[in-house]
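Notes for the one structure printed next.
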Amino acid sequence: MHVIRRRGWEIPERFATPEHLVLNRRALLAATGAAALSLSPKMALAQRISDLPDPTKDLYPASRNEKYTLDRPVTDEKINTSYNNFYEFGSSKSVAKAAQALKLRPWTIKIDGMVETAQEIGIDDLIRKMPLEERLYRHRCVEAWSMAIPWSGFPLAKLVELAKPLSSAKYVRMETFLDPSIAPGQKQSWYPWPYVEGLTIAEATNELAFLVTGAYGKPVSKVQGAPLRLAVPWKYGFKSIKSIVRFNFTDQRPKSYWEALQSAEYGFWANVNPQVPHPRWSQATEELIGRNERRPTLIFNGYGDHVADLYRGLENERLWA
Ligand SMILES: Nc1nc2c(c(=O)[nH]1)N[C@H]1C(S)=C(S)[C@@H](COP(=O)(O)O)O[C@H]1N2
Ligand SMILES: [Mo]
């Protein structure tokens, strides 16, 4: 594919200035008035940086890894980005607009805990270090609906490699940003913020575990968990944590957000199993969002060939919730 790369100074004015400012500069000035004018130069710069076009845009579309195939059509992008769970921005499915408040740059990833050396790395440096590829994955929410998405990103195993965990580390605990000033859901103190998820190191280094930086051939959208979210397609959707800021390596099993909220219904493993109902509903079938269709749900969401071995000898664990 032929890609034209523009240097910063070659960007046409209309792209260099964020669209909503071009279209709505007057309304914005009226609304913010003197406050906007009195922004300190540093704050104004931070504001502009976060509104610039994505600095990794040139990496997309990434070439597709044909190994991962679907048994259903890809979900229409518009549907995928208008029906989302992202509790930081509200508990309904219509959070795309609220999620626009998320500021994607600067964005720093912290890697710490039981590692050779703790490190912090800017998201753009991290992404450019990694081999990006596209994978078609199914996604099965615990609420019994599903989608199929062309994600772009890199294997979580590559980040584990970069982190150099000590042999005593058994789990990786991941954390979403915490900023109630932009995420109204995080003002609701009865939720256990920040959102946390975890995997064993064996799960995290399984080739299916994927860190998403893009979707539909471009940088991943805010509502889908930009700039970095997890995709673990053999587990219920809540394990696929969005907008990650921290990877902490530990020997303690992480307590996830949903487990902290409702441990009777949600646990650590959360592998998809159509034969084990959720306490309040059946998991036997799923609605394919946007297709008006229900299908039987598959064990490990159809990914058993890749992951079933991870759970041998763990039959006494609560593997399916
Ligand atoms: N930080 C964070 N991550 C999250 C959630 C959330 O509310 N906050 N919801 C989870 C759930 S329940 C699902 S089904 C998926 C939804 O991802 P999607 O909106 O890209 O379909 O994100 C998961 N990751
Ligand atoms: Mo979900």
Side-chain angles (χ1 to χ4, degrees), residues 74-102 104 107 109 135-153 173-180 182-188 190-199 209-216 218-247 254 256-262 265-267 270-272 278 280-281 283 286-290 297 301 321:
V74 163
T75 304
D76 184 80
E77 183 184 358
K78 275 217 187 74
I79 289 167
N80 203 318
T81 52
S82 55
Y83 186 92
N84 303 89
N85 280 330
F86 203 167
Y87 275 59
E88 283 81 347
F89 295 101
S91 54
S92 82
K93 296 285 182 282
S94 307
V95 286
K97 211 171 149 206
Q100 296 315 305
L102 189 55
L104 299 183
W107 191 279
I109 304 288
R135 296 185 180 186
L136 304 177
Y137 271 5
R138 297 185 290 275
H139 174 95
R140 171 58 158 82
C141 178
V142 74
E143 298 163 333
W145 54 262
S146 67
M147 294 193 191
I149 315 100
W151 294 128
S152 307
R173 178 184 179 280
M174 291 156 279
E175 223 175 270
T176 296
F177 73 87
L178 180 64
D179 186 355
I182 57 150
Q186 291 183 334
K187 292 194 175 121
Q188 302 178 314
W190 58 92
Y191 288 114
W193 307 112
Y195 199 97
V196 166
E197 261 305 338
L199 298 170
F210 198 58
L211 279 173
V212 168
T213 61
Y216 296 90
K218 52 184 183 266
V220 66
S221 71
K222 292 180 179 181
V223 76
Q224 289 170 301
L228 190 70
R229 69 82 66 81
L230 183 68
V232 278
W234 71 98
K235 292 177 178 287
Y236 289 116
F238 64 84
K239 295 290 294 186
S240 291
I241 179 172
K242 295 178 165 181
S243 304
I244 303 169
V245 294
R246 183 178 176 201
F247 296 84
S256 72
Y257 174 87
W258 288 103
E259 192 180 2
L261 200 60
Q262 194 87 295
E265 302 189 355
Y266 308 106
N271 296 311
V272 174
H278 182 277
R280 290 182 281 131
W281 58 83
Q283 293 290 27
E286 65 204 50
E287 187 190 345
L288 275 56
I289 293 296
T297 286
N301 199 25

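For ligands, and for the atoms within them, numbers begin at 1 and follow the listed sequence.
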Which atoms of ligand 1 have any heavy atom of [X] under 4.0 Å away?
| X | value |
| --- | --- |
| Glu88 | 1 (N), 2 (C), 6 (C), 7 (O), 8 (N) |
| Phe86 | 1 (N), 6 (C), 7 (O), 8 (N) |
| Cys141 | 14 (S) |
| Thr176 | 1 (N) |

[atom]: the protein heavy-atom neighbour that sits closest, reported with distance to 0.1 Å:
| atom | answer |
| --- | --- |
| atom 20 (O) of ligand 1 | Arg229 NH1, 2.9 Å |
| atom 9 (N) of ligand 1 | Asn85 O, 3.3 Å |
| atom 14 (S) of ligand 1 | His139 NE2, 3.2 Å |
| atom 18 (P) of ligand 1 | Lys242 NZ, 3.5 Å |
| atom 24 (N) of ligand 1 | Ser240 O, 2.8 Å |

Below the 3.5 angstrom mark, is there an N/O of Asn80, backbone or side chain, next to an N/O of ligand 1?
no

Under a plain distance cut-off of 3.5 Å, with no hydrogens placed, do [Y] and [X] share a side-chain donor-acceptor pair?
| X | Y | result |
| --- | --- | --- |
| Trp190 | Gln188 | no |
| Gln283 | Thr297 | no |
| Lys93 | Asn84 | no |

Looking at ligand 1, does Ser243 have a heavy atom less than 4.0 Å from it?
no

Heavy-atom contact check, 4.0 Å cutoff: does Met147 meet ligand 1?
no

Between [X] (side chain only) and [Y] (backbone N and O only), is there a donor and an acceptor less than 3.5 Å apart?
| X | Y | answer |
| --- | --- | --- |
| Ser243 | Ala226 | yes |
| Arg138 | Asn301 | yes |
| Ser256 | Val196 | no |
| Lys222 | Leu102 | yes |

Ring centroid separation Tyr87 to Trp193 under 6.0 Å:
no

Near-ring test Tyr216/Trp151, centroid separation under 6.0 angstrom:
no

Out of Tyr195, Tyr87, Phe238, whose heavy atom is nearest to atom 5 (C) of ligand 1?
Tyr195

